[in-house]
Each structure stands twice: as structure tokens, then as C-alpha cells.
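Report on the structure given below.
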Amino acid sequence: MSIAEFSTAGLPFPERLELWEGHNADVLIGLRCRRLESAQLEASERNVQLESVQLARVIGTSHVVERDAELIRRRPSDSVMMYFSLVGDAFFYSEDGVRTVGPGQVLLCDADKAFMRGFSHGLEELVVKMPHSVFGDVSGLTSLRSPMVFDFSANGNVHAAALAQQVGHATRSADPTAPDERAILELVSVLATGARADLSSAHRASARAFIERRLFDTSLSATAVASAVGISARQLSRVFAADGTSVPKYILQRRLDLAHARLTTPSAAATTIAEIAHDCGFTSAAYFSNAFATKFGARASDVRRDAVIARSAG
């Protein structure tokens, strides 16, 4: 996982739009940008590159972005995009019509089909960018015929909410959590297809979403996960076994990933290893230490120390 950050803060006013466009073209997607008013653009972006998928958190003042046919020919993206609106209403215009996407909604669209997006009151959003080839592999769809909108609010689509949570935790500036890329891929598949082809995918995605929300809960168990998903513990075990793991092993690996992410943040310096272990769902500090060293090949204290040294050197 690699991280890149960009902000227009402190940049010369006349160059902000051009530099903003340049960053997005290099790191995420090529867009033409225009301001909606005389005020200068204030924008920032945090990009996270996984093995197959890109994630981002974008914050900005009011503006319009456009990706027209000429720009697509010149800079094809070969990807699908998902835009999770956190703050501010946005319009999305394409040959399919006009949609308004508000906070708590996510838009899935093909980045190589012309569109325009506008943010009259500014925005904060999460972004997922997935290559066409990867999207096809996980969804079985050869193309995305038209844009799709899902509700990821508290009472909305549970899979969309789980995906938003994964992206949100991975792209936040304070204490980011390493995401489960396989879970992200599976959640996208379930949303795009409605899990028509494989009910196991929906069960696995739902289980992972439930686990992710409760990693801190020391009482989390396979039985509790199965009950939340609405299937038997035996059936859930078969679902995870088909993926080469088990529910307890998956929980352990995600807790270790969470602990590793916590250990590399500045706040970890003022927290004991035992406290971090407990906050990540471990009841035994000794068990945590052994499991952590087995997975990462280093002691938790060494990972924290190396992170402190790296920040000091930077």
C-alpha cells in the first residue's frame, strides 16, 4: 500500500486549477476543472494505491469537473469509478441523463464514458478506482451499461455501507487502517451484480463487513458473525473455507493488520503495546505479541520504533 497527498493550500492562485488537474491526471483520473465562482479553488486529496485498486479522499470548494470524449481519447482511464458523497450535493451529467447524488449515496460509473460533475457547495467524497479488467473478473460483467447509485447511509445498502467504511478508514489522515482489498473487490461485485451469480459472495461480503465493524469487540466469534449474516455457523465456515481460510483466522489477520496500522501512527508513541493490542480486540498481550511477530517478522515494539525513526528522518 502506498500513499500520496496533494493540496492546493499555499499554491499560487493562477496555478491552482492547472496543478489540481495535473495531480488528478497523474494519480487518479484526467479531468478538466472549472471554478463556479470568483473564489480560488481550495482542494486536497489523499490517495491510497493497493495492488489492484486505488482509493482516495477528496475535499474541495465549489467547482465543476468534466471528462469529455476528447480527453478520454487522449487519456483513457480503462476503469470504473465509485464516488461516495460525504458532504455536499453533486450533479452527475452523462448521455444517460442527470442525477443528483447527495451525502450517503455512492455513484458507480464507467470513467471512459463522457460525464460532467458539479459541486455547487463544495464536496468531501471517497473514491474507488478499479481497472475494467479487475471489475470484469470480480463481477462477471463485460461492461457497465449505465451509472448506478446506491445508498450507503445507516439505513441503506449494507454492502455499500461496508465498502464506504473500508475506504473511509483507509484514506483518513489520522490512524488510517489498512483495507482488505479482497473484501473491497467482493463488495463491489455484490453491488454491481446484486450477487445474482453467487450467493456465497454476498454472505462472505456481509460477514467481512460485520467483522470489520467489530474488530475491537473481544467477544467477536464465528457464531456471532453467522447469526448477523443470517446463515448457520457451518454454512459460514464453508463460505470462508472456499476462500482458503476460516472465520477465526480471518478475524485474527484483520486485527493484526489494524494493530500494525495503529503502531505506525504518531499517537502510538504515547500508548503501550498492551493497550494497542486490547484496542484491536486481543485479550492476551502475549498471544498478540507472538501472532504479530509470526505475521510481520518483527516485534510490535520494533515496528513502532522504526515508524518513529522514519517520521524523525522525514
### Query
Salt bridge check: are Lys113 and Asp96 linked by an N-O gap of less than 4.0 Å?
no

### Message
Looking at Phe296, I want to see if its CZ is surrounded by more than 12 non-hydrogen atoms of other residues, nucleotides or ligands under 6.0 Å.
### Response
yes

### Message
Just verifying a value: how many Å separate Leu256 CG and Leu263 CG, rounded to the nearest 0.5 Å?
### Response
10.5 Å

### Query
Going only through I, L, V, M, F, W and Y residues with side-chain contacts under 4.5 Å, is there a path from Leu123 to Val149?
yes

### Message
A side-chain contact here means heavy atoms from C-beta on lying under 4.5 Å apart; do Arg99 and Pro147 qualify?
### Response
yes

### Query
Under a 4.5 Å cut-off applied to non-hydrogen side-chain atoms, are His260 and Phe292 in contact?
yes

### Task
Answer with yes or no whether the side chains of Thr265 and Ser267 bring together a donor and an acceptor at under 3.5 Å.
yes

### Task
Using the rule that two of Ile, Leu, Val, Met, Phe, Trp, Tyr join whenever any of their side-chain heavy atoms come within less than 4.5 Å, decide whether Leu28 and Leu55 are in one cluster.
no

### Nearest non-hydrogen partners of Ala56 and Glu45, listed with the distance
CB-CG, 4.5 Å

#### Entry: Note: Arg182-Glu186 ion pair, threshold 4.0 Å (strictly below)
no

### Query
Could Glu66 and Arg32 be called an ion pair, given the rule that one side-chain N must be under 4.0 Å from one carboxylate O?
no

#### Entry: Lys/Arg-Asp/Glu bridge criterion (N-O < 4.0 Å) met for Arg262, Glu275
no

### Message
Which heavy atom of Leu41 sits nearest to which heavy atom of His63, and what is that distance?
### Response
CD1-ND1, 3.9 Å

### Message
Whether the side chain of Thr294 engages the backbone of Asn290 through a donor-acceptor N/O pair (distance < 3.5 Å, no angle test) should be reported.
### Response
yes

### Query
Is the count of non-hydrogen atoms from other residues, nucleotides or ligands lying under 6.0 Å from Arg74 atom CZ greater than 12?
yes

### Message
Parallel, tilted or perpendicular: which one describes the rings of Tyr287 and Phe282, with boundaries at 30° and 60°?
### Response
tilted

### Query
His278 and Thr283: side chain to side chain contact (heavy atoms under 4.5 Å, CB included), yes or no, with the steps?
CA-CA 6 Å; His278 183 270; Thr283 57; 5.9 Å; no

### Task
Could you tell me whether the side chains of Ser206 and His159 share a donor-acceptor contact shorter than 3.5 Å?
yes

### Task
Decide if atom NZ of Lys249 counts as having more than 12 heavy atoms of other residues, nucleotides or ligands within a radius under 6.0 Å.
no

### Message
Rounded at 0.5 Å granularity, tell me how far CG in Leu163 sits from CD1 in Ile184.
### Response
6.5 Å

### Task
For the pair Ser94 (side chain) and Phe115 (backbone), establish whether a donor and an acceptor sit closer than 3.5 Å, ignoring hydrogens and angles.
no

### Query
Judged by atom type as modelled, is there a donor-acceptor pair below 3.5 Å linking the side chain of Thr264 to the main-chain atoms of Ala261?
yes

### Message
Nearest 0.5 Å, please: how far is CG in Asn24 from CG in Leu31?
### Response
6.0 Å

### Message
What's the separation between atom CG in Leu141 and atom NE2 in His132, rounded to the nearest 0.5 Å?
### Response
11.5 Å

### Message
Check Glu124 with Arg57, please: is the shortest side-chain N to carboxylate O separation under 4.0 Å?
### Response
yes

### Query
So do the side chains of Met116 and Val64 get within less than 4.5 Å of each other, counting heavy atoms only?
yes

### Message
Just so I know, are the side chains of Leu17 and Cys33 near enough to count as touching, which here means a heavy-atom distance under 4.5 Å?
### Response
yes

### Query
So does Arg214 pair up with Asp217, basic N to acidic O under 4.0 Å?
no

### Query
Would a distance-only check, ignoring hydrogens and angles, find a side-chain to backbone donor-acceptor pair under 3.5 Å from Ser312 to Val308?
yes

### Query
Counting only heavy atoms not in Glu18, do more than 12 sit closer than 6.0 Å to its CD atom?
no

### Task
Evaluate the ring planes of Phe6 and Trp20, with Trp represented by its six-membered ring, and classify them as parallel (under 30°), tilted (30 to 60°) or perpendicular (over 60°).
tilted

### Query
Does Asp89 reach the side chain of Pro103, with side-chain heavy atoms less than 4.5 Å apart?
yes

### Note, Val134 side chain near Met130 side chain (heavy atom, < 4.5 Å)
yes

### Task
For Asp243 and Tyr250, run side-chain hydrogen bond (donor to acceptor under 3.5 Å, both in side chains): C-alpha distance rounded to whole Å, both residues' side-chain angles, the deciding distance at 0.1 Å, then the answer.
CA-CA 10 Å; Asp243 205 32; Tyr250 180 80; over 6 Å; no

### Ring-ring centroid check Phe84 Phe152, cutoff 6.0 Å
yes

### Task
Using a 4.5 Å cut-off on heavy atoms from C-beta on, say whether the side chain of Lys129 contacts that of Val80.
no

### Query
Are the charged groups of Asp112 and Arg67 less than 4.0 angstrom apart, N to O?
yes

### Message
Using a 3.5 Å distance criterion without hydrogens, assess whether the side chain of Arg117 forms a donor-acceptor pair with backbone atoms of Phe91.
### Response
no

### Query
If Ile, Leu, Val, Met, Phe, Trp and Tyr residues are connected whenever their side-chain heavy atoms lie under 4.5 Å apart, and connections chain through other members, are Leu50 and Phe135 in the same group?
yes

### Query
Do Asp279 and Ile276 pass the side chain to side chain contact (heavy atoms under 4.5 Å, CB included) test, and can you show the C-alpha distance, the side-chain angles, and the key distance before you say yes or no?
CA-CA 5 Å; Asp279 289 345; Ile276 292 175; 5.6 Å; no

### Query
More than 12 non-hydrogen atoms from neighbouring residues, nucleotides or ligands closer than 6.0 Å to CZ on Arg213, yes or no?
yes

## Note on the structure
Heavy atoms of Gln40 and Thr61 approach each other most closely as O-OG1, 4.0 Å

## Note on the structure
Interatomic distance, CD@Glu125 vs CG@Leu107, rounded to 0.5 Å, equals 9.5 Å

### Task
Kindly work out whether a path of hydrophobic side-chain contacts (I/L/V/M/F/W/Y, heavy atoms less than 4.5 Å apart) joins Leu185 to Tyr83.
no

### Query
Same hydrophobic cluster for Leu258 and Val225, using side-chain heavy-atom links shorter than 4.5 Å among ILVMFWY?
yes

### Task
Could you tell me whether a side-chain N or O of Arg304 sits under 3.5 Å from a main-chain N or O of Ala268, the two making a donor and an acceptor?
yes

### Task
Give the minimum heavy-atom separation between Met81 and Ser79, together with the two atoms involved.
SD-OG, 4.0 Å

### Task
List the atom of Ala300, the atom of Phe288, and the distance in Å for their closest heavy-atom pair.
CB-CE2, 4.0 Å

### Worked check of salt bridge (charged side-chain N to carboxylate O under 4.0 Å, His left out) between Arg145 and Asp110
CA-CA 8 Å; Arg145 289 188 175 184; Asp110 190 323; over 6 Å; no

### Message
Could you check whether any side-chain heavy atom of Asp257 comes within less than 4.5 Å of a side-chain heavy atom of Thr177, counting everything from C-beta outward?
### Response
no

### Task
Return yes when atom CD of Glu70 has more than 12 non-hydrogen atoms of other residues, nucleotides or ligands closer than 6.0 Å, and no otherwise.
yes

#### Entry: Heavy-atom neighbours of His23 NE2 exceed 12 at 6.0 Å
yes

#### Entry: Shortest non-hydrogen contact between Leu252 and Ala291, atoms and distance
CD1-CB, 4.3 Å

### Message
Counting only heavy atoms from other residues, nucleotides and ligands, does the tally under 6.0 Å from CG of Asn155 exceed 12?
### Response
no

### Message
Has Gln54 got a side-chain atom pairing as donor or acceptor with Asn47's backbone, closer than 3.5 angstrom?
### Response
no

#### Entry: Separation of Gln253 CD from Ser246 OG (nearest 0.5 Å)
9.5 Å

